[in-house]
Amino acid sequence: QVQLVESGGGLVQDGGSLRLSCAASGPYLSYNAMAWFRQTPGKERDFVAGSDWSGGTTPNADSGKGRFTISRDNAKHMLYLQMNNLNREDSAVYYCAALTWPQVYKDSCRYDSWGQGTQVTVSS
């Protein structure tokens, strides 16, 4: 399995920005699809955005539309999520995930590697 470590979460005011990072190590393959999910207490993990092996992106049509941008640097084994104009509904634990398949899926059950998560809290 790929090992994933997220960073960049924290407390931010309403309307602010954060950039999350995910460092991959281990048997990392550039043709893995990778994605960001988020989860709040008592709820399932929701797909935020995904990146296929070539860097093609799949945004979530609902959450983060027009505000979140996913990107990856295969040379550095990194995945990023730029989040702008954050609001309280974006508060959650954000997880990085990888799939041993080049195509992005929105179903969390498809992913076989997960990071430990990073907390994002947006205050009004």
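These numbers come from the heavy atoms of this one structure, side chains and all, not from hydrogens, waters or symmetry mates. This structure is a prediction, so every number in the text was calculated from the model and none was measured.
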Run the side-chain contact (heavy atoms from CB on, under 4.5 Å) test on L20 and W36 for me, step by step, so that the C-alpha distance in whole Å, both residues' side-chain angles and the decisive distance to 0.1 Å come before the verdict. CA-CA 10 Å; L20 304 184; W36 289 99; 3.7 Å; yes
Could you go through T100 and D112, starting from their C-alpha distance and side-chain angles, then the distance that decides it, and tell me whether this counts as side-chain hydrogen bond (donor to acceptor under 3.5 Å, both in side chains)? CA-CA 7 Å; T100 51; D112 42 36; 3.0 Å; yes
Tell me, with the steps shown, if R45 and Y95 meet side-chain contact (heavy atoms from CB on, under 4.5 Å). CA-CA 9 Å; R45 288 185 186 182; Y95 295 91; 3.4 Å; yes
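In terms of heavy-atom proximity, V5 sits nearest to Q116 at CA-OE1, 3.8 Å. Between C96 and E6, the closest heavy-atom pair is N-OE2, 2.8 Å. The shortest heavy-atom contact between T40 and S91 is CG2-O, 3.2 Å. Here the closest non-hydrogen pair linking F47 and G50 is CZ-N, 3.2 Å. Nearest heavy atom pair, residue W114 against residue S108, reads CZ2-O, 3.4 Å. In plain terms, the two heavy atoms of L81 and A49 that are nearest each other are CD1-CB, 4.4 Å.
Of the possible donor and acceptor atoms, none in the side chain of S113 sits under 3.5 Å from a partner among the backbone N and O of A98. Formation of a donor-acceptor pair under 3.5 Å by the R72 side chain with backbone atoms of S51 is found in this model. With N74 contributing its side chain and H77 its backbone, the two residues share no donor-acceptor pair below 3.5 Å. Using a distance-only test at 3.5 Å, with no hydrogens or angles considered, no donor-acceptor pair links the side chain of Q39 to the main chain of V93.
Rounding to the nearest 0.5 Å gives a distance of 14.5 Å between CZ of R38 and CD of E44. Separating the OH atom in Y94 from the OG atom in S7 is a distance of 15.0 Å, to the nearest 0.5 Å.
Between the side chains of N84 and S17, a donor-acceptor pair is found at a separation under 3.5 Å. For the residue pair S123 and D14, no side-chain donor N or O sits within less than 3.5 Å of a side-chain acceptor on the partner.
A 4.5 Å side-chain heavy-atom check between M34 and C22 finds at least one atom pair inside the cut-off. Residues V48 and F68 meet the side-chain proximity criterion, which asks for heavy atoms closer than 4.5 Å. Taking the side chain as every heavy atom from C-beta outward, L99 and N32 never approach each other to under 4.5 Å. Contact annotation: the side chain of Q119 approaches that of T121 to within less than 4.5 Å [non-hydrogen atoms, C-beta and beyond]. Taking 4.5 Å as the limit, some side-chain heavy atom of L18 sits within range of a side-chain heavy atom of L86. Y111 is listed as a side-chain neighbour of V104, based on a closest heavy-atom distance under 4.5 Å.
Between R67 and D90 there is a salt bridge, since at least one side-chain N of the basic residue sits less than 4.0 Å from a carboxylate O of the acidic one.
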